[in-house]
Amino acid sequence: MSNSAGTPGEITRRQMLRRIGLTALVAGPGAGLLSACATGGSPAATSSAAPSAAAATSAANPFGVAAGAPLEVVIFKGGLGDSYATEVHEPLYKKAFPKAEIKHVATQQIAQTLQPRFAGGDVPDMIANSGTDLMDNAALQQEGQLLELTELWDAPSIDDPSKKVRDMVAPGTVESGLITGKPYVMNYVFSAYGLWYDAALFEKEGWAPPKTMEEFKTLCEAIKAKGITPFAFAGKNASYYAYWMILISAAKIEGNQLLLDIDNLVDGAWTRDSVKQSAAAWAEIGKYMDKSFEGLIHTEVQTRQNQGKVALYPSGSWLENEQKSQTPEGFKYALTPTPSVTAADKLPFEAIRAAAGEGYIVPAKAKNPKGGLAYLRIMLSKEGARGFTEKSGNITVVTGAADGLELSPGNASLSAAQTAAGQNIVTYNSFEGWYKELETELRKQTNALMFGRISADEFCEKMQKAADKTKADSSITKQNRTV
């Protein structure tokens with residue numbers, strides 16, 4: 001859970017717009033829990049429609065959406081595609097509000113597409129804010145651009161009106177979207193993070209996924225002897241895939257409190273022994289990568305894995321679906337947890353990072369914000385969630401929505417990993433969305449560490465310096481997590 005910690009300092013509107021990415025010169029990349037990219041989409045067009053009038057509330061329409069109010073939906077078209085919106089959620093919305101005209105916009109460049117529209121006051125009604133070019137949710141909230149979602153979570157569930165929407169989702173879902181202690185982001189996809197490999201290849205070669213870092217290095221030697229790159233990630237646009245592994249390993253060593261302390265900008269959190277040990281261990285694995293991987297994007301590295309050229313790849317559970325067009329017959333995606341670093345790790349090898357991700361937001365100044373809330377409520381119905389899983393190949397936060405579905409090899413492996421983990425879950429990090437400049441610096445230093453330019457100690461020192469800078473910047477609203 002996060003709460004406001006301190007008050008924001010003086011900040012000009014231009015400084016704020018720059019941080020959100022709404023100026024022509026600034027639209028820097030950000031990191032989401034799900035930042036997968038795939039095919040592009042169409043540019044947004046503007047609308048001159050006036051804000052819709054509210055209707056009376058009812059059991060079927062708890063937000064009072066005006067029957068004929070148009071709805072504009074902007075979807076990040078990455079690894080999840082957008083057919084879940086066009087073929088599931090939008091038709092369900094149309095069924096609930098037959099008179100409503102729905103406009104669908106798909107794009108890979110969320111900030112680039114929407115920045116002039118936010119600056120001009122012409123915003124859509126619901127946004128899938130994800131991808132490398134996502135907008136800074138914390139900055140949007142500080143600027144008053146996000147609608148608070150308490151009304152959504154407290155609304156009656158479509159499936160069981162005697163229960164609230166919040167009672168139908170996995171624990172931690174609502175909390176994962178808190179900013180200054182209130183919900184502003186609806187995180188929808190339930191994901192697990194770890195090392196992904198081809199189970200068929202490992203079975204053929206007689207390789208077992210490593211349970212310790214020592215086993216990992218031994219395995220890397222065996223894989224290297226076969227002419228295969230043992231481990232790789234894409235340095236050009238997805239170094240956060242690697243820093244997730246570093247942070248997961250550090251949390252396994254010390255416990256989840258470390259990740260809360262990093263989010264809360266606790267003095268010295270980045271220079272603790274757990275982070276140094278983890279960074280040093282992963283830097284050793286980085287030695288098995290070719291330097292050229294720093295210039296590649298994630299889909300290029302992922303395709304090399306599909307071609308049998310890369311053995312282990314760090315990612316989240318959207319990977320299988322993102323690569324389905326490149327995956328040859330017989331390739332079986334499987335997930336293994338991050339290996340243990342020390343024999344005294346607080347969390348066992350089976351512990352995995354699992355979290356709600358893929359954020360959806362409703363702009364506060366939308367023409368039909370009530371429609372945006374209704375759209376999210378439909379997404380959080382079992383029919384909406386099941387359809388999403390069928391179209392995207394990803395499991396949602398809606399409890400039981402995927403029951404009975406035939407699962408792919410990757411999702412079956414994910415399910416087995418979640419069962420093995422039990423209560424041993426590595427928590428998420430919130431600084432990725434709270435402090436964009438800090439996250440950008442972490443991408444840079446992760447590449448420097450993993451490609452051998454700096455030591456683990458230097459990595460920790462540089463990140464602590466960046467965290468200290470963030471903490472000292474009075475123009476940045478500070479957040480605080482307690483769980």
Strictly below 4.0 Å, N to O, side chains only: are [X] and [Y] in salt-bridge contact?
| X | Y | result |
| --- | --- | --- |
| Arg117 | Glu72 | yes |
| Lys291 | Glu294 | no |
| Arg166 | Asp154 | yes |
| Glu175 | Arg481 | no |
| Lys94 | Glu90 | no |
| Glu284 | Lys287 | yes |
| Lys77 | Asp82 | yes |

Exercise: identify the closest heavy-atom pair between [X] and [Y]:
| X | Y | result |
| --- | --- | --- |
| Pro369 | Val362 | O-CG1, 3.8 Å |
| Gly308 | Ile228 | O-CG1, 3.6 Å |
| Ala242 | Thr446 | CB-CG2, 3.7 Å |
| Pro124 | Pro363 | O-CG, 3.2 Å |
| Met379 | Tyr188 | O-OH, 2.6 Å |
| Ala170 | Thr399 | N-OG1, 3.7 Å |

Counting distance only, does the side-chain N/O of [X] pair as donor-acceptor with the main-chain N or O of [Y] below 3.5 Å?
| X | Y | value |
| --- | --- | --- |
| Trp207 | Leu219 | no |
| Lys211 | Ser340 | no |
| Asn429 | Ile262 | no |
| Glu322 | Gln302 | no |
| Glu148 | Tyr184 | no |
| Arg377 | Asn61 | no |
| Asn129 | Ile110 | no |
| Lys224 | Pro230 | no |
| Glu221 | Thr218 | no |
| Asp159 | Ser381 | no |

Taking atom types as modelled, is there a side-chain donor on [X] or [Y] under 3.5 Å from an acceptor on the other?
| X | Y | result |
| --- | --- | --- |
| Asn306 | Gln323 | yes |
| Thr427 | Asn256 | no |
| Asn447 | Tyr243 | no |

Could you give me the CA-CA distance, side-chain angles and deciding distance for Glu320 and Ser413, then say whether side-chain contact (heavy atoms from CB on, under 4.5 Å) is met?
CA-CA 11 Å; Glu320 180 181 48; Ser413 173; over 6 Å; no
Applying ring pair (Phe, Tyr, Trp, His ring centres under 6.0 Å) to Trp196 and Tyr241, what does each step give before you reach the verdict?
CA-CA 12 Å; Trp196 292 85; Tyr241 285 25; over 10 Å; no
Kindly confirm or rule out a cation-pi arrangement of Arg304 over Tyr313, judged by NZ or CZ under 6.0 Å from the six-membered ring centre and within 45° of its axis?
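Not satisfied by the 6.0 Å and 45° rule.
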Do the side chains of [Y] and [X] get nearer than 4.5 Å, heavy atoms only?
| X | Y | result |
| --- | --- | --- |
| Gln109 | Asp133 | yes |
| Lys252 | Val341 | no |
| Arg386 | Val88 | no |
| Leu312 | Phe216 | yes |
| Asn187 | Val397 | no |
| Thr107 | Gln112 | no |
| Phe97 | Ile102 | no |
| Ile248 | Pro337 | no |

Using 0.5 Å steps for rounding, measure from the [atom1] atom of [X] to the [atom2] atom of [Y].
| X | Y | atom1 | atom2 | result |
| --- | --- | --- | --- | --- |
| Leu376 | Met186 | CG | CE | 4.5 Å |
| Gln326 | Gln305 | CD | CD | 12.5 Å |
| Phe190 | Ser317 | CZ | OG | 8.5 Å |
| Gln479 | Tyr435 | CD | OH | 5.5 Å |
| Leu380 | Thr396 | CG | OG1 | 7.5 Å |
| Leu247 | Tyr193 | CG | OH | 12.5 Å |

Residue [X] excluded, over 12 heavy atoms near [atom1] under 6.0 Å:
| X | atom1 | value |
| --- | --- | --- |
| Glu101 | CD | no |
| Glu390 | CD | yes |
| Glu203 | CD | no |

Check: Phe293 ring centroid to Tyr288 ring centroid under 6.0 Å:
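Ring centroids of Phe293 and Tyr288 are no less than 6.0 Å from each other.
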Ring centres of Tyr375 and Tyr360 under 6.0 Å apart?
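Not close enough - the centres of the two rings lie 6.0 Å or further apart.
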Which is it for Asn137 and Leu140 under the side-chain contact (heavy atoms from CB on, under 4.5 Å) test, yes or no, and what are the steps along the way?
CA-CA 5 Å; Asn137 284 326; Leu140 284 170; 4.1 Å; yes
Lys367 vs Asp122, salt bridge (charged side-chain N to carboxylate O under 4.0 Å, His left out): CA-CA, chis, key distance, verdict
CA-CA 8 Å; Lys367 298 177 184 66; Asp122 172 40; 2.6 Å; yes
Ring-plane angle category for Phe388 and His89, please: parallel below 30°, perpendicular beyond 60°, tilted otherwise.
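It falls in the parallel class, under 30°.
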Could you go through the side-chain contact (heavy atoms from CB on, under 4.5 Å) check for His298 and Asn237 one step at a time?
CA-CA 7 Å; His298 64 295; Asn237 77 328; 3.0 Å; yes
Go through the steps for Ile223 and Glu205 under the test side-chain contact (heavy atoms from CB on, under 4.5 Å), then give the verdict.
CA-CA 9 Å; Ile223 294 170; Glu205 297 292 347; over 6 Å; no
